[in-house]
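First the structure, in the form of structure tokens, and then the observations on it.
One is the number of the first residue; the rest follow in order along the sequence.
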Amino acid sequence: MGSLYSEYLSPTKVQEHYNYTKETLDIQDTLSRQVASALIIILCCAIVVENLLVLVAVARNSKFHSAMYLFLGNLAASDLLAGVAFIANTLLSGSVTLQLTPVQWFAREGSAFITLSASVFSLLAIAIERHVAIAKVKLYGSDKSCRMLLLIGASWLISLALGGLPILGWNCLGHLETCSTVLPLYTKHYVLCVVTIFSVILLAIVALYVRIYCVVRSSHADVAGPQTLALLKTVTIVLGVFIVCWLPAFSILLLDYACPVRSCPILYKAHYFFAFATLNSLLNPVIYTWRSRDLRREVLRPLQCCREVAGVQGRRVGTPHHRLLPLRSSSSLERGTHMPTSPTILEGNTVV
């Protein structure tokens, strides 16, 4: 065990594993690679800004301190950190990769994996809470805060544990024949374990939303009609985006487990599949918060403030001044007495 951990600081171990699993070490910073890295960083910056605006909106306005909005804030936090981690991952890739020690490589891959895992577990926590609320026909209240905190805490603890297993010892240092091609310092059995866990999560989310669909469809008229269609539309978007974004990454990892070393060239392009999966962190705020008019107003408020400043400057040269409209409450999540059956449906076309 001591010799295993002593290899964590070896400056040659990473190159040894890449030489074993890759046919060629195509890590030169070519123009195409630099352009691709720049596009990925721009995408991740958009993820950070988008989710930061959501977090600021939830934190600054007390009307968004209910359980459901705090879950959305947790999802935004995990997606924001996923964007930051993927920026670091991109900057430490290419020609920098072979200069890393194993502990640095584990930190690079593990940080990105932990934050992406937390995002997925947050989706599961939201699905669980929605199912409980709708099935029991109750609103989120102060008595639900314990369950909310447990779900949020559990999602991060499981993500940390799952992402930290390789650096704790479940890796292929000293056992090259068990190494993954996509992640050359990870053992294939760890990769299979991860894919299995996320597949179970996907099935659980599908099952929960199918259950929600059945409950809504069999409910009385107060949750039928346009509200039912709105909820079904949201469920379709959630499941569709989740599957579209993550299925390619799951497929490439399953292929990695099944393929002998150097026998599947497509595995050398796996970074494109993971970059595509990161789109989930970009789209989550759109799906879960942008459809709420109140939250949308609050997210846009910093931009309106910039417009207000521009208006003040414009008055000096005769430009009309635009006043900032006050935030008005239109969300049925806050006016729960008007909709006692589901906290996930907002008035009109506003759906969480």
Side-chain angles (χ1 to χ4, degrees), residues 40-41 43-60 64-90 107-130 145 147-167 194-195 197-202 204-205 208-209 234 237-239 241-246 249-250 274-292 295 299 344 352:
I40 292 174
I41 291 175
L43 171 65
C44 292
C45 288
I47 292 174
V48 171
V49 171
E50 185 183 58
N51 286 281
L52 182 60
L53 287 174
V54 173
L55 282 175
V56 170
V58 172
R60 68 184 291 181
F64 296 136
H65 292 176
S66 60
M68 193 61 197
Y69 279 117
L70 291 179
F71 270 114
L72 296 177
N74 180 64
L75 176 60
S78 60
D79 287 334
L80 186 153
L81 292 175
V84 173
F86 208 74
I87 290 175
N89 190 291
T90 302
R108 186 191 76 174
E109 300 298 334
S111 61
F113 186 77
I114 288 171
T115 53
L116 289 174
S117 299
S119 179
V120 178
F121 280 114
S122 296
L123 292 176
L124 177 61
I126 291 174
I128 292 173
E129 193 67 11
R130 286 180 171 182
S145 59
R147 184 175 70 239
M148 176 191 69
L149 294 176
L150 285 175
L151 284 174
I152 292 176
S155 68
W156 283 101
L157 286 176
I158 295 174
S159 297
L160 287 170
L162 202 58
L165 286 175
I167 200 171
V194 168
V195 174
I197 290 175
F198 278 99
S199 297
V200 171
I201 291 175
L202 175 58
I205 293 176
L208 286 171
Y209 280 118
T234 301
I237 294 173
V238 170
L239 295 180
V241 170
F242 186 88
I243 292 173
V244 168
C245 289
W246 283 101
F250 292 161
F274 290 110
F276 185 72
T278 308
L279 287 175
N280 189 236
S281 296
L282 182 70
L283 296 175
N284 280 337
V286 177
I287 299 171
Y288 286 94
T289 66
W290 207 251
R291 291 169 63 84
S292 170
L295 189 56
V299 167
T344 64
V352 175

message = Side chains of Phe276 and Val244, heavy atoms from C-beta outward: is any pair under 4.5 Å?
response = yes
task = Find out whether Phe86 and Ile47 are in side-chain contact, i.e. whether some heavy atom of one side chain is under 4.5 Å from a heavy atom of the other.
result = no
note = For Cys44 and Ile87 the tightest heavy-atom approach is CB-CG1, 3.3 Å
For Phe121 against Ser155, the heavy-atom pair lying closest together = CB-CB, 3.6 Å
request  = Go through the steps for Phe274 and Thr278 under the test side chain to side chain contact (heavy atoms under 4.5 Å, CB included), then give the verdict.
outcome  = CA-CA 6 Å; Phe274 290 110; Thr278 308; 5.6 Å; no
request  = For the pair Val299 and Glu50, evaluate side chain to side chain contact (heavy atoms under 4.5 Å, CB included) and give the outcome as yes or no after the intermediate values.
outcome  = CA-CA 9 Å; Val299 167; Glu50 185 183 58; over 6 Å; no
request  = Flag the pair Trp156 / Asn74 as yes when at least one side-chain heavy-atom distance between them is below 4.5 Å, and no otherwise.
outcome  = yes
request  = State, yes or no, whether a side-chain contact exists between Ser119 and Leu75 at a heavy-atom distance under 4.5 Å.
outcome  = yes
request  = Kindly say whether Ser159 contributes a backbone atom to a donor-acceptor pair with the side chain of Ser117 at under 3.5 angstrom?
outcome  = no
ask   = Any donor-acceptor pair under 3.5 Å linking the side chain of Asn89 with the backbone of Ala85?
value = no
ask   = Is there a donor-acceptor pair closer than 3.5 Å between any side-chain N or O of Asn284 and the backbone N or O of Asn280?
value = yes
ask   = Run the side chain to side chain contact (heavy atoms under 4.5 Å, CB included) check on Leu162 and Ile197 step by step: do they pass?
value = CA-CA 10 Å; Leu162 202 58; Ile197 290 175; 3.5 Å; yes
Residue pair Asp79 / Ser281: nearest heavy atoms and the distance that separates them = OD1-OG, 3.1 Å
remark   = In short, Gly163 meets Phe113 closest at the heavy-atom pair CA-CD2, 3.7 Å
Validation row: Val54, Leu80 side chains within 4.5 angstrom (heavy atoms) = no
note = OG1 of Thr90 to CZ of Arg108, rounded to nearest 0.5 Å, is 9.0 Å
ask   = If you round to the nearest 0.5 Å, how far is CG of Asn51 from CG of Leu81?
value = 9.0 Å
task = Find the distance between CG (Leu165) and CG (Leu160) and round it off to the nearest 0.5 Å.
result = 11.0 Å
message = Would Leu202 and Trp246 count as a side chain to side chain contact (heavy atoms under 4.5 Å, CB included) here? Give the steps.
response = CA-CA 10 Å; Leu202 175 58; Trp246 283 101; over 6 Å; no
query = Rounded to the nearest 0.5 Å, how far does OG of Ser111 lie from CD1 of Ile167?
reply = 10.0 Å
ask   = With a 4.5 Å heavy-atom cut-off, do Ile201 and Ile205 have their side chains touching?
value = yes
request  = Over all heavy atoms of both residues, which pair between Ile40 and Ala275 is shortest? Give the atoms and the distance, please.
outcome  = CD1-CB, 4.3 Å
